[in-house]
Amino acid sequence: MKNLTTPISNRDLLDLHVNDKITISGTIYTGRDAALPQLVKLINDNEVPFEMEGSVIMHTAFSDAGIAPTTSSKVEIESCIPVLSENGVKIHIGKGMLSKNTVDSLDDNNSIFVITPPVAALLTNKVIDKKCVLFEWEGMEAMFKLEVDKIPGIVAVAHGESI
């Protein structure tokens with residue numbers, strides 16, 4: 001098990017390979033179908049209100065019922081991954097398979113994709129604190145800043161290779 005703490009550096013990713021088991025602690029952001037395209041627009045307008053370099057984004061909504069990953073290959077999510085990686089996101093957490101183009105863009109930007117089991121109770125128990133940071137009008141699909149302790153995952157895409 002490799003333990004990572006945000007922000008994630010390029011050096012942190014050097015020794016990670018497909019099938020490695022990891023945990024992530026520190027600050028992560030949430031975003032899915034409604035929020036990620038809006039975040040890409042903020043990137044294009046140079047208006048992102050937080051530091052993206054070394055960040056982690058989990059493809060999930062957040063509610064009092066908990067968090068669990070959504071399918072990352074949805075067009076609204078997967079189409080955002082290259083832009084987010086180009087702008088500093090080092091780890092994307094979700095579920096499902098990604099296209100070859102997305103795998104290549106992750107490799108080009110020294111970013112990785114991590115899958116985590118959809119076990120809401122386990123993942124929610126790892127959240128220490130939460131705060132809505134963007135798109136509050138989207139409700140549970142808004143972007144949240146989470147402080148987490150050892151979110152578990154398995155590296156699914158790294159260095160141009162995929163499970």
Side-chain angles (χ1 to χ4, degrees), residues 1-39 48-74 76-78 80-81 84-85 87-98 102-103 106 109-136 138-159 162-163:
M1 183 74 68
K2 297 179 181 181
N3 300 308
L4 302 173
T5 301
T6 63
I8 306 298
S9 70
N10 287 332
R11 176 173 277 196
D12 291 330
L13 301 182
L14 283 176
D15 294 328
L16 292 180
H17 303 283
V18 170
N19 291 317
D20 282 351
K21 293 166 186 65
I22 66 168
T23 64
I24 300 170
S25 297
T27 299
I28 69 171
Y29 295 92
T30 66
R32 55 176 284 166
D33 314 41
L36 292 180
Q38 292 180 78
L39 179 59
V48 177
F50 54 86
E51 179 60 45
M52 289 192 57
E53 186 61 41
S55 63
V56 174
I57 292 183
M58 184 174 196
H59 305 153
T60 188
F62 193 95
S63 74
D64 291 336
I67 61 172
T70 194
T71 303
S72 300
S73 60
K74 294 178 189 174
E76 299 85 356
I77 296 174
E78 188 166 3
C80 296
I81 291 173
L84 296 172
S85 296
N87 286 276
V89 176
K90 291 298 176 189
I91 299 176
H92 301 265
I93 304 171
K95 68 178 186 178
M97 292 187 64
L98 300 177
T102 302
V103 169
L106 288 167
N109 294 293
N110 195 32
S111 296
I112 65 172
F113 177 60
V114 171
I115 56 174
T116 190
V119 185
L122 168 68
L123 296 177
T124 304
N125 192 44
K126 302 293 184 180
V127 176
I128 298 167
D129 193 32
K130 68 174 180 176
K131 177 183 178 186
C132 183
V133 293
L134 287 172
F135 321 122
E136 185 175 350
E138 297 291 357
M140 69 182 206
E141 286 203 26
M143 285 197 76
F144 286 83
K145 175 182 178 180
L146 306 180
E147 294 301 321
V148 300
D149 183 38
K150 297 186 177 175
I151 290 276
I154 299 169
V155 177
V157 173
H159 315 295
S162 180
I163 287 180

Close side-chain approach of I28 and I91, heavy atoms under 4.5 Å: no
Under a 3.5 Å cutoff, is there a donor and acceptor pairing between the side chains of H59 and S72? yes
How far does OG of S25 sit from CG of N3, to the nearest 0.5 angstrom? 7.0 Å
Specify the closest pair of heavy atoms between M58 and T116, including all atoms of both residues, with the distance to one decimal. CE-CG2, 3.7 Å
Parallel, tilted or perpendicular: which describes the rings of H159 and H17, with under 30° parallel and over 60° perpendicular? tilted
For S9, does its backbone N or O pair with a side-chain atom of D12 as donor and acceptor, under 3.5 Å? yes
Is there a donor in the side chain of K90 and an acceptor in the side chain of N10, or the other way round, less than 3.5 Å apart? yes
For V89, is there any backbone N or O sitting under 3.5 Å from a side-chain donor or acceptor partner on S111? yes
Is the shortest heavy-atom distance from the side chain of I112 to the side chain of L106 under 4.5 Å? no
Atom CE in M97, atom OG1 in T102: separation rounded to 0.5 Å? 11.5 Å
NZ/K74: more than 12 non-hydrogen atoms of other groups inside 6.0 Å: yes
Look only at the side chain of T71 and the backbone of G96, and say whether a donor-acceptor pair between them is shorter than 3.5 Å. no
Side chains of E53 and P7, heavy atoms from C-beta outward: is any pair under 4.5 Å? no
Got a donor-acceptor contact below 3.5 angstrom from the S85 side chain to the I81 backbone? yes
Within the structure provided, determine whether T30 and I57 are in side-chain contact (heavy-atom separation under 4.5 Å). no
Using distance only, find each side-chain donor-acceptor pair of residues 147-156 under 3.5 Å and give its atom names and separation, not counting sequence neighbours.
| residue | atom | partner | partner atom | Å |
| --- | --- | --- | --- | --- |
| E147 | OE1 | T27 | OG1 | 3.2 |
| E147 | OE2 | T27 | OG1 | 2.6 |

Rounded to the nearest 0.5 Å, what separates atom CD in E136 from atom CG in L134? 10.5 Å
Short side-chain to backbone donor-acceptor contact, T124 and I67, under 3.5 Å: yes
Looking only at side-chain N and O atoms, does S73 offer a donor or acceptor that is under 3.5 Å from a partner on E78? no
Would you say that F144 contacts V133 through its side chain, given a criterion of any heavy-atom pair below 4.5 Å between the two side chains? no
In the structure I gave you, are the side-chain heavy atoms of P37 and C80 within less than 4.5 Å of one another anywhere? yes
Stepwise side-chain contact (heavy atoms from CB on, under 4.5 Å) test for M140 and F62: CA-CA 5 Å; M140 69 182 206; F62 193 95; 5.8 Å; no
Where the side chain of S162 meets the backbone of V157, is there a donor-acceptor pair that is under 3.5 Å apart? no
When you compare the side chain of E138 with that of Q38, does any pair of heavy atoms fall below 4.5 Å? yes
How long is the gap from NZ on K130 to CG on L146, to the nearest 0.5 Å? 9.0 Å
How long is the gap from CG on L13 to CG on N109, to the nearest 0.5 Å? 11.5 Å
Looking only at heavy atoms, the pair that brings E141 and A61 closest together is CG-CB, 4.1 Å
In the structure I gave you, are the side-chain heavy atoms of K145 and C132 within less than 4.5 Å of one another anywhere? no
Taking D15 first and then K2, would you say they form a salt bridge - that is, a charged N and a carboxylate O separated by under 4.0 Å? no
Working to the nearest 0.5 angstrom, can you tell me the gap between T70 OG1 and E76 CD? 10.0 Å
